[in-house]
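Written below as structure tokens is the structure these notes are about.
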Amino acid sequence: MTVQRIAAFSDAGQGGNPAGIVLADHFPAEAEMRRIAAEVGYSETAFAVPNSAPDRWQVRYFSPESEVPFCGHATIALGAALAKHSGDGRFALQLANADITVEAAASLDGYTAALQSPPTRSATPRAGLVDKALSLLNYSPEQLDPALAPAEIHAGADHLILALKHRSDLAAMTYDLDAGRALMRDYGLVTIMLVHVRRNTGFDVRNAFASGGVLEDPATGAAAAAFAGYLRDLGWPHQNRIQITQGEDMGERSVIVAQFTDEPGSSIRVSGATREMAHL
């Protein structure tokens, strides 16, 4: 079985978040998909099989440790793989809990792709969650940016967002992986998203991803979509388009663009460049 390795949200042919992509006639057994994802070792591997309708695919995502309901960067990488397989176009994807689309086209550096996320929502964090997250990450409440209150955000998967006043605090992110995994699993979180506001439409981000067995994700499209929905819920001056820079602190600079309407809860368009890496 061929596993394509494609980095999503790359920047000028560099960086990005690698994903494993498997296009198959049918899904392997779940244990086999878990084994392949663990062997690939990326934060996610996407498995896609054709549906009965043209240009429609069923998709499942696996981290090295667990199945996840939705993964943005792996969907962008999948879009590139589908365009390479079937030609430029728009593809309908059936996920475990949602139906979405991804479109992709060839570019000078590889392929560009854009997904339409599941619906978004946001809420005040559950009691005790913020205190536990701050303790995990060795931050104090005084380091939080009051302009962006902590929130639980969702666009196909659940995340906690914490905004930090200073870029240096973002750069200093560290935590114990086992403790982070336990906290995220206790609260059903896929990531904890740390944000620094560079400007009203530009943000520096790091995403702790202990739930998937890795300390940090270089680019997180699902969290980007959820964050865009949260900014919309807040009435933030977003101008219906934001740019997220992620992975810079780990040497894998990634660029994510999110575009959206003012309709509450509506899908977010998340786009970026891709680069092909290698095959297994």
Side-chain angles (χ1 to χ4, degrees), residues 1-10 15-52 55-86 91-100 102 104 110-111 113 115 118 156-158 177-178 180-181 184-185 188-191 207-223 247 250 252 254 270 272 274-280:
M1 182 175 295
T2 299
V3 181
Q4 300 180 56
R5 293 175 177 244
I6 299 172
F9 304 118
S10 56
N17 193 358
I21 302 295
V22 176
L23 304 183
D25 293 331
H26 58 272
F27 286 123
E30 183 168 319
E32 178 67 2
M33 289 190 282
R34 290 178 184 273
R35 185 196 67 78
I36 291 170
E39 183 176 289
V40 171
Y42 293 152
S43 56
E44 275 94 7
T45 294
F47 297 82
V49 301
N51 207 322
S52 54
D55 295 328
R56 185 173 180 86
W57 296 73
Q58 290 181 277
V59 185
R60 294 177 72 178
Y61 306 94
F62 285 83
S63 77
E65 294 203 1
S66 62
E67 184 169 8
V68 296
F70 173 58
C71 173
H73 86 271
T75 302
I76 293 293
L78 173 60
L82 292 175
K84 184 178 179 181
H85 176 272
S86 302
F91 306 93
L93 307 181
Q94 182 181 344
L95 313 185
N97 301 314
D99 291 335
I100 65 170
V102 65
Y111 287 86
L115 65 85
D158 293 312
L177 184 65
D178 289 336
R181 181 189 294 111
M184 293 181 202
R185 289 187 175 175
L189 301 173
V190 174
T191 74
N207 263 278
F209 187 38
S211 69
V214 295
L215 197 71
E216 181 177 1
D217 213 14
T220 317
M250 53 189 303
E252 297 289 347
S254 305
V270 177
T274 70
R275 62 182 180 91
E276 189 168 5
M277 300 174 67
H279 294 261
L280 289 177

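One is the number of the first residue; the rest follow in order along the sequence. Please read all numbers here as calculations on a predicted model, not as lab measurements.
- Rounding to the nearest 0.5 Å gives a distance of 11.0 Å between CG of Leu177 and CZ of Phe209.
- Not counting sequence neighbours, the partners of Glu65 by the salt bridge (Lys or Arg N to Asp or Glu O under 4.0 Å) test are Arg181, Arg185.
- Within the 4.5 Å cutoff, side-chain heavy atoms of Leu23 are placed close to those of Gln4.
- A 4.5 Å side-chain heavy-atom check between Thr75 and Tyr61 finds at least one atom pair inside the cut-off.
- Rounding to the nearest 0.5 Å places OG of Ser211 at 6.0 Å from CE of Met184.
- With hydrogens and angles disregarded, no donor-acceptor distance shorter than 3.5 Å links the side chain of Ser10 to the backbone of Gly16.
- Minimum interatomic distance between Gly20 and Val40 (heavy atoms only, all atoms of both residues): CA-CG1, 4.4 Å.
- Ala104 and Ala83 get closest at one heavy-atom pair: CB-CB, 3.7 Å.
- Between the CD1 atom of Ile76 and the CG atom of Leu78 there is a distance of 9.5 Å, given to the nearest 0.5 Å.
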For this session: Please step through side chain to side chain contact (heavy atoms under 4.5 Å, CB included) for the pair Leu215 and Met250, ending with a clear verdict.
Result: CA-CA 11 Å; Leu215 197 71; Met250 53 189 303; over 6 Å; no
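- Annotation: the span from His85 atom NE2 to Phe91 atom CZ amounts to 9.5 Å, rounded to 0.5 Å.
- Contacts of Tyr42 classified as side chain to side chain donor-acceptor pair (under 3.5 Å), with partners at least two apart in sequence or in another chain: Arg5.
- Pairing each heavy atom of Ala219 with each of Asn17, the nearest pair is O-ND2, 2.6 Å.
- Across all non-hydrogen atoms, the minimal contact from Val214 to Ser43 is CG2-CB, 4.1 Å.
- Expressed to the nearest 0.5 Å, how far CZ of Phe62 lies from CE of Met33 amounts to 4.0 Å.
- Counting only distance, with no hydrogens or angles, the side chain of His73 and the backbone of Pro18 share a donor-acceptor pair below 3.5 Å.
- Listed by chain and residue number, nothing satisfies the ring-ring contact (aromatic ring centres under 6.0 Å, His included) test with Phe70 (two or more places apart in sequence, or in another chain).
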If you look only at distance, which donor and acceptor atoms sit under 3.5 Å apart when one is on a side chain in residues 92-99 and the other is two or more places apart or in another chain?
from  : atom 1 : to    : atom 2 : distance (Å)
Gln94 : OE1    : Asn51 : ND2    : 3.0

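- Considering only residues two or more places apart in sequence or on other chains, Arg60 meets the salt bridge (Lys or Arg N to Asp or Glu O under 4.0 Å) condition with Glu30, Glu67.
- For Ser254 (side chain) and Gly247 (main-chain N/O), no donor-acceptor pair under 3.5 Å exists by modelled atom type.
- Residues passing the salt bridge (Lys or Arg N to Asp or Glu O under 4.0 Å) test with Glu216 are Arg206, sequence neighbours excluded.
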Problem set entry | Pair Trp57-Leu82, side chain to side chain contact (heavy atoms under 4.5 Å, CB included): steps then yes or no | CA-CA 10 Å; Trp57 296 73; Leu82 292 175; 3.4 Å; yes
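- Distance check: Phe9 CZ to Glu252 CD gives 14.5 Å after rounding to the nearest 0.5 Å.
- For Thr274 (side chain) and Tyr111 (main-chain N/O), a donor-acceptor pair under 3.5 Å exists by modelled atom type.
- For the pair Val3 and Glu39, the minimum side-chain heavy-atom distance is 4.5 Å or more.
- Shown here for Ala74 and Ile21, the closest heavy-atom pair between the two residues is O-CD1, 3.6 Å.
- Smallest separation of non-hydrogen atoms from Ala8 and Ala77: CB-N, 4.1 Å.
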